[in-house]
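All remarks here apply to the structure that follows.
Atoms considered below: every heavy atom in the structure, side chains included; atoms not considered: hydrogens, waters and symmetry mates. We name chains A, B, ... by the order of the sequence lines, and we start the count at 1 in each one.
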Amino acid sequence: MTKNMIMGGLAVFVLAVLSPFWFNMVTTTQAAPEPELLGPAKQAKKCVLDTYDMRTSHMSLLDEWRDAVVRDADRIYVAANGHAFNMSLSTGENSCLGCHEDKAKFCDACHTYTSVDPYCWDCHTNPKEIE
Amino acid sequence: MEQSRRRFLKVAGIAAIGLGAAPAINFAASDSHGPGAAAKVKNEAALHAERWGMVIDIKKIDDTLARKISMACHLHHNVPDFTHEVDTQLYPKTRPVNHKQEIKWIWKEKFHYAFPDKEDEFLNEKFHHLPFMVLCNHCKNAPCVQACPTQATFSREDGIVMMDYHRCIGCRFCMAACPYGSRSFNFRDPRPFIDETHPDFPTRSKGVVEKCNFCAERLAKGEQPHCVEASEGAIVVGDLEDPESDVRKLLKEHYTIRRKQSLGTEPSVYYIV
Ligand code: SF4
Ligand code: SF4
């Protein structure tokens, strides 16, 4: 085998392996959505956790909340920043959706983008939808 | 040559261990710094009891009031009503209902079904016509709790037998274990059969069991259960362990019965007859 053949083969191989990158370069990709802060959430400025922690671990926070509410009957979460919240997805003003009123922009936008399909809303209700 | 190969393998081995351990170390480290000094507490107005109990004065209840009580509970807890006409535009694929799939939390029952062990040939005729309101008894020795393999059903510290619908796998062991038929199974998505969804309580999904929750969500806000509010004084809840509580006073003044007492489940719901 000649040196040229080897080099040529390598070049083809590298091109093929990196094909997803080439593909993404020529097609337009959708930018990751930013959760939008609207209404009361925009004014409040202080959330349950820091933005970064919220982004990475809101699911485990909700998991903890559920156990606290259902098992220990503790329903108020006093956050590290001193603010108290109602440990509830959607009941009352002090719940998640009580502050982040637009579920489509707050929950669904990112979940859809990342192909996550949580089943929260099979049971929990969006007060805006059932009016 | 020999020497350097040995050394290379040693170094490579140690490096591999290091690489393998890194995620585990990171995981342990991230676990230890959780969300700071946050705390989970109860609402200040919440009602407490060492063991919640209920006294139902059957003499004060007639058929109209019985219906009102059931309605109050079922509407607020989004219990589906299978006689409700389905909105076919919203739920086009809904199949017709089998009446055996009925779901109920509190309902009117005949004496001989509610108290089969107290049935008697010469029983006072009036008992056969009284509307006995039956619901989950929030048993002290609840067999449903022991049967549940996932701890979806559990006894809370204050005696309320609760369900975590998230954990329920729909095995229905609890339904087989409960001697009172207090539990219902969601054979289908209940949402098409809920006329007006109440925002204060979630609905359930297909495949979980449900039952009365003693209005835990109301007690947590310092409010009385829906059935108590609708009952015009016929239903009273309170602390069974507190000799000064309203329920204990009623128990002192009246003769009361409980359902299937001989089974030893220690029901917390008492009936004045
Ligand atoms: S009445 Fe049935 S469901 Fe309720 S606690 Fe007793 S055994 Fe469990
Ligand atoms: S049906 Fe659900 S609540 Fe009942 S025993 Fe099974 S997992 Fe537990």
Side-chain angles (χ1 to χ4, degrees), chain A residues 46-98 101 103 117-131, chain B residues 30-31 33-49 52 76-78 90 151-160 162-168 186 189-191 194-208 210 213-214 216-222:
Chain A
K46 277 196 174 165
C47 193
V48 178
L49 299 180
D50 293 339
T51 315
Y52 179 78
D53 289 331
M54 209 56 198
R55 230 171 250 178
T56 53
S57 45
H58 62 279
M59 38 322 237
S60 29
L61 182 81
L62 290 175
D63 189 47
E64 269 178 44
W65 279 19
R66 175 237 293 173
D67 279 346
V69 169
V70 184
R71 293 186 187 250
D72 310 330
D74 293 336
R75 292 189 178 235
I76 309 286
Y77 181 81
V78 185
N81 60 22
H83 285 239
F85 299 90
N86 188 5
M87 289 193 267
S88 166
L89 276 183
S90 60
T91 59
E93 281 176 13
N94 212 4
S95 63
C96 306
L97 284 196
E101 285 171 341
K103 170 173 163 280
D117 191 10
Y119 47 77
C120 315
W121 309 103
D122 287 3
C123 296
H124 292 277
T125 50
N126 178 0
K128 287 270 148 50
E129 273 168 25
I130 58 178
E131 252 166 25
Chain B
S30 70
D31 237 6
H33 55 79
K40 301 185 186 76
V41 294
K42 290 184 176 52
N43 195 326
E44 269 166 31
L47 301 178
H48 302 280
W52 282 104
H76 284 98
H77 290 120
N78 296 323
L90 241 109
Q151 289 175 24
T153 292
F154 56 95
S155 281
R156 231 167 60 161
E157 239 169 39
D158 57 6
I160 297 178
M162 280 278 278
M163 279 196 65
D164 181 348
Y165 302 115
H166 307 88
R167 287 189 77 119
C168 178
N186 284 281
D189 179 12
R191 284 202 172 165
I194 301 170
D195 184 18
E196 247 181 65
T197 311
H198 231 269
D200 283 349
F201 204 76
T203 68
R204 265 68 62 196
S205 60
K206 182 178 169 180
V208 302
E210 64 181 84
N213 68 343
F214 217 83
E217 82 284 5
R218 303 262 299 169
L219 300 175
K221 286 187 283 184

Atom pair NE2 (A:H124) and OH (B:Y165), whose distance is rounded to the nearest 0.5 Å: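 Answer for the NE2-OH pair, A:H124 versus B:Y165, is 11.0 Å.
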
B:H166 NE2 to A:D67 CG distance, which is reported to the nearest 0.5 Å: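 Rounded to the nearest 0.5 Å, the NE2-CG separation comes to 9.5 Å.
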
Option in [options] with maximal non-hydrogen atom pairs under 4.5 Å from chain A:
options                        : answer
B:K221, B:H198, B:R204, B:K206 : B:R204
B:L219, B:I160, B:N43, B:D164  : B:D164
B:M162, B:K42, B:E196, B:E157  : B:K42

Nearest heavy-atom pair of [X] and [Y]: which atoms, and what distance?
X      : Y      : result
A:C123 : B:S205 : SG-N, 3.3 Å
B:T203 : A:D122 : OG1-O, 3.5 Å
B:R156 : A:R71  : CG-O, 3.3 Å
B:K40  : A:A68  : CD-CB, 3.4 Å

Top of A:V78, A:N86, A:T91, A:L89 for chain B proximity - count of heavy-atom pairs under 4.5 angstrom: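 Looking at each of A:V78, A:N86, A:T91, A:L89 in turn, A:V78 comes out on top.
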
Under 4.5 Å from any heavy atom of chain B - which part of A:A79: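 Backbone of A:A79 only, per the 4.5 Å heavy-atom cut-off to chain B.
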
Residue part contacting chain B, namely of A:N81, when any heavy atom lies under 4.5 Å: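 Neither; nothing under 4.5 Å.
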
ring-ring contact (aromatic ring centres under 6.0 Å, His included) partners for A:W121, two or more places apart: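 Counting only residues at least two positions away or on another chain, A:W121 forms no ring-ring contact (aromatic ring centres under 6.0 Å, His included).
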
Short side-chain to backbone donor-acceptor contact, A:T125 and B:P202, under 3.5 Å: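 Side chain of A:T125 to backbone of B:P202: no pair is present.
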
